[in-house]
Amino acid sequence: MRYIISRAFQDDPRLHRLRPAHRTYWRGLMHQGVLIGGGIWEEGRREVLVVKAQDRAAVHRLLGADPYTQERLTLDVTVQGMDDLLGAEDRAECAVPAAGEAAGDAEPAGRLSAHELRVARMMLDGLTNRQIAEHFMVSPRAVEQHITRIYRKLSISRRAQLAVALRGERLLAS
């Protein structure tokens with residue numbers, strides 16, 4: 001099963017010192033096929049990882065061996081099964097609409113469809129438009145169009161406003 005891990009780290013000088021060991025650890029897991037993808041943001045103080053593991057316990061063992069975790073630099077960890085976020089029955093529904101389709105038009109203004117909410121959550125997890133496109137196997141341009149519809153529905157103009165807009169709409173219930 002695949003899992004999405006979102007982590008926040010302390011703003012601590014040890015973070016910079018341990019970064020090479022952290023990268024070496026995850027690079028080794030990438031070569032083993034365990035780490036599928038990921039990225040960092042906020043100057044290395046947050047990251048999202050996509051891993052392949054047998055179960056949540058295996059994910060937590062992977063995280064426990066990370067130098068950042070061993071040095072107690074982790075503030076917050078969220079582990080979500082990708083099947084939990086995107087069940088098999090939802091896969092057909094969640095394809096980004098082709099150009100000219102009006103999938104978002106059926107939803108009232110300010111209300112996100114289930115797929116738009118999944119895209120918004122991926123954005124909040126720090127995934128780039130290209131990473132989201134790769135996840136749904138569509139072009140980055142198709143994702144940009146979808147994000148534009150999300151922004152219009154929420155009356156926002158940038159990614160940084162997304163979390164506040166979603167909380168205001170009470171759409172982030174997990």
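Both backbone and side-chain heavy atoms feed into the values below; hydrogens, waters and symmetry mates do not. Quick note: residue numbers are just sequence positions, from 1.
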Check step by step if side chain to side chain contact (heavy atoms under 4.5 Å, CB included) holds for Ile4 and Met122.
CA-CA 10 Å; Ile4 299 173; Met122 292 174 89; 5.8 Å; no
Same cluster for Leu75 and Leu124 if Ile/Leu/Val/Met/Phe/Trp/Tyr side chains link at under 4.5 Å?
no
Starting at CG of Asp125, measure out to CD1 of Ile5 and round the result to the nearest 0.5 Å.
11.0 Å
Is there a side-chain contact between Asp66 and Arg7, using heavy atoms and a 4.5 Å cut-off?
yes
The side-chain contact (heavy atoms from CB on, under 4.5 Å) partners of Ala58 (sequence neighbours excluded) come to Ala53, Asp55, Arg61
Shortest non-hydrogen separation from Thr69 to Leu63 and the atoms involved
OG1-O, 2.8 Å
Pair Leu35-Tyr25, side chain to side chain contact (heavy atoms under 4.5 Å, CB included): steps then yes or no
CA-CA 10 Å; Leu35 176 64; Tyr25 172 72; over 6 Å; no
Enumerate the salt bridge (Lys or Arg N to Asp or Glu O under 4.0 Å) contacts for residues 19-32, please, sequence neighbours excluded, ordered by first and then second residue.
none
Who else is in the cluster with Leu15 when I, L, V, M, F, W and Y are joined by side-chain contacts under 4.5 Å?
Phe9, Leu18, Tyr68, Leu73
Applying side-chain contact (heavy atoms from CB on, under 4.5 Å), name anything that partners Gln54, two or more places apart in sequence or on another chain.
none
Got a sec, which pairs hit salt bridge (Lys or Arg N to Asp or Glu O under 4.0 Å) with one end in residues 126-136, sequence neighbours left out?
none
So does Val79 get a backbone contact from the side chain of Arg56, meaning a donor-acceptor N/O pair under 3.5 Å?
yes
State, yes or no, whether a side-chain contact exists between His146 and Phe136 at a heavy-atom distance under 4.5 Å.
no
Checking Ile156 now: which residues fulfil side-chain contact (heavy atoms from CB on, under 4.5 Å) with it, not counting sequence neighbours?
Tyr151, Leu154, Gln161, Leu162, Ala165
Please report the shortest heavy-atom distance between Glu71 and Arg14, naming the atom on each side.
O-NH1, 3.0 Å
Do Trp26 and Val51 come close enough that some side-chain heavy atom pair is under 4.5 Å?
yes
Where Ile150 and Ala120 come nearest, the two heavy atoms and their spacing
CD1-N, 4.3 Å
Any heavy-atom pair between the side chains of His135 and Val50 that's under 4.5 Å?
no
Could you tell me the separation between the CE atom of Met30 and the CD1 atom of Ile36, rounded to the nearest 0.5 Å?
12.0 Å
pair Arg46-Ser6: side-chain heavy atoms closer than 4.5 Å:
yes
Say you draw a straight line from CZ of Arg149 to CD of Glu116; how long is it, rounded to the nearest 0.5 Å?
6.5 Å
